[in-house]
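In what follows, a structure is listed as structure tokens, so that the remarks can point back to it.
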Number of protein chains: 2
Amino acid sequence: MDRFAALGDPTRRAIVGLLSQADRRAGDIAAHFDATPPAISQHLKVLRDASLVRVERRGRERIYSLDPDGLAAMEAWIGETRRVWNGRLDALKTVLDQEERQ
Amino acid sequence: MDRFAALGDPTRRAIVGLLSQADRRAGDIAAHFDATPPAISQHLKVLRDASLVRVERRGRERIYSLDPDGLAAMEAWIGETRRVWNGRLDALKTVLDQEERQ
DNA sequence: AATATATTTAAGCGATAATTTAATTAAGTC
DNA sequence: GACTTAATTAAATTATCGCTTAAATATATT
């Protein structure tokens, strides 16, 4: 599942939101939702595979943290897409300006 | 389906990419993919519902164009999430700096 | 060593999504 | 008005997703 699909699920987006505020143990993340720990664990795996979060083992706990690189990559795709679109607008504007001057 | 889920599908992301370059007729969009026109038509509906693209009727053709507002909203969510994360980093840095000075 | 705690992995199931073929709608063309 | 073209909508099928319960793994506690 790619990054965008990973963030397509509202629960996973909420998890990313939580981790933007603070690193958290898997259990603490699960406690924020109605779903069972296994369900959240599976969401975390999706986010890991998408490089949106990282884990670190500490004893029997696992501390999850945000991986901003994954988010940056998504932001870059969106930004680039919008940049190309804006570029078209600018090109159109240039044409109109030139016609105006004739 | 929310915006992120809409862009979760690679075909739909490719459609958005095409429309960032130029407005296109539904049929021309479909021609870029292996899938059948009905499949693409349904993808276009998902993108429309997510306010990522717009349609304009012209005779029996439908011209699709990018709706940058939808992309902007996504970029804003990502940006805000990263901003919060960066804020944490800055806060940590401040604490360390203060400890250094003691 | 036995037991408890934290988390993940496995297996199965219902819901949703993506795709296909067939039918429909609507606008041009002869 | 019949026919073609452009695109969508409907119906059916297959694939994928997210969830649950049960089992497994690994660390800590007594």
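The model shown is predicted, which means the values in this text are computed figures rather than measured ones. Per chain, numbering begins at 1; letters A, B, ... match sequence-line order.
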- Task: Give, ordered by number, those residues of residues 13-27 of chain A having at least one heavy-atom distance below 4.0 Å to an atom of DNA chain C; if nothing qualifies, reply none.
- Result: R25(A), A26(A), G27(A)
- Message: Has R54(A) got a side-chain atom pairing as donor or acceptor with D67(A)'s backbone, closer than 3.5 angstrom?
- Response: no
- Message: Expressed as a whole number of angstroms, how long is the span from I40(B):CD1 to dT9(D):P?
- Response: 15 Å
- Message: Under 4.0 Å, heavy atom to any atom of DNA chain C: which of residues 58-67 of chain B qualify?
- Response: G59(B), R60(B)
- Could you tell me which non-hydrogen atom of L44(A) sits nearest to which non-hydrogen atom of A26(A), and how far apart they are? CD1-CB, 4.3 Å
- Note on the structure: Here the distance between atom C1' of dC19(D) and atom CG of L44(A), to the nearest Å, is 15 Å
- Message: Any side-chain to backbone donor/acceptor pair from Q42(A) onto P38(A)? Under 3.5 Å, distance only.
- Response: yes
- Task: Would you name the heavy atoms of G8(B) and D2(A) that are closest together and state the gap between them?
- Result: O-OD2, 3.0 Å
- Tell me which of D34(A) and V55(B) sits closer to the 5' end of DNA chain D, going by the nucleotide each one is nearest to. V55(B)
- Query: Starting at CG of D49(A) and ending at P of dG18(D), how long is that distance when rounded to a whole Å?
  - Reply: 13 Å
- Query: Does G17(A) offer a backbone N or O that forms a donor-acceptor pair with the side chain of S20(A) under 3.5 Å?
  - Reply: yes
- Message: Need two values: the first and the last nucleotide of DNA chain C, 5' to 3', having an atom under 4.0 Å from any heavy-atom of chain A.
- Response: dA4(C) to dT9(C)
- Donor-acceptor contact present, side-chain R62(B) to main-chain V55(B), <3.5 Å: no
- Note on the structure: Closest to the 5' end of DNA chain D, once P38(A) and R57(A) are matched to their nearest nucleotides, is P38(A)
- So L18(A) and D28(A), side chain to side chain contact (heavy atoms under 4.5 Å, CB included) or not? Walk me through it. CA-CA 10 Å; L18(A) 281 175; D28(A) 291 342; over 6 Å; no
- Message: Is it true that, when you exclude D34(B) itself, more than 12 heavy atoms of the residues, nucleotides or ligands shown sit nearer than 6.0 Å to its CG?
- Response: no
- Query: So, for I78(A) and L71(B), which heavy atoms are closest and what is the spacing to 0.1 Å?
  - Reply: CG2-O, 3.6 Å
- Message: Quick one: does any side-chain atom of R13(B) pair with a main-chain N or O of L7(B) as donor and acceptor, under 3.5 Å?
- Response: yes
- Message: Nearest whole Å is fine: how far is dT16(D) C1' from H43(A) NE2?
- Response: 14 Å
- Does any N or O in the side chain of R12(B) come within less than 3.5 Å of the main-chain N or O of A6(B), such that one atom is a donor and the other an acceptor? yes
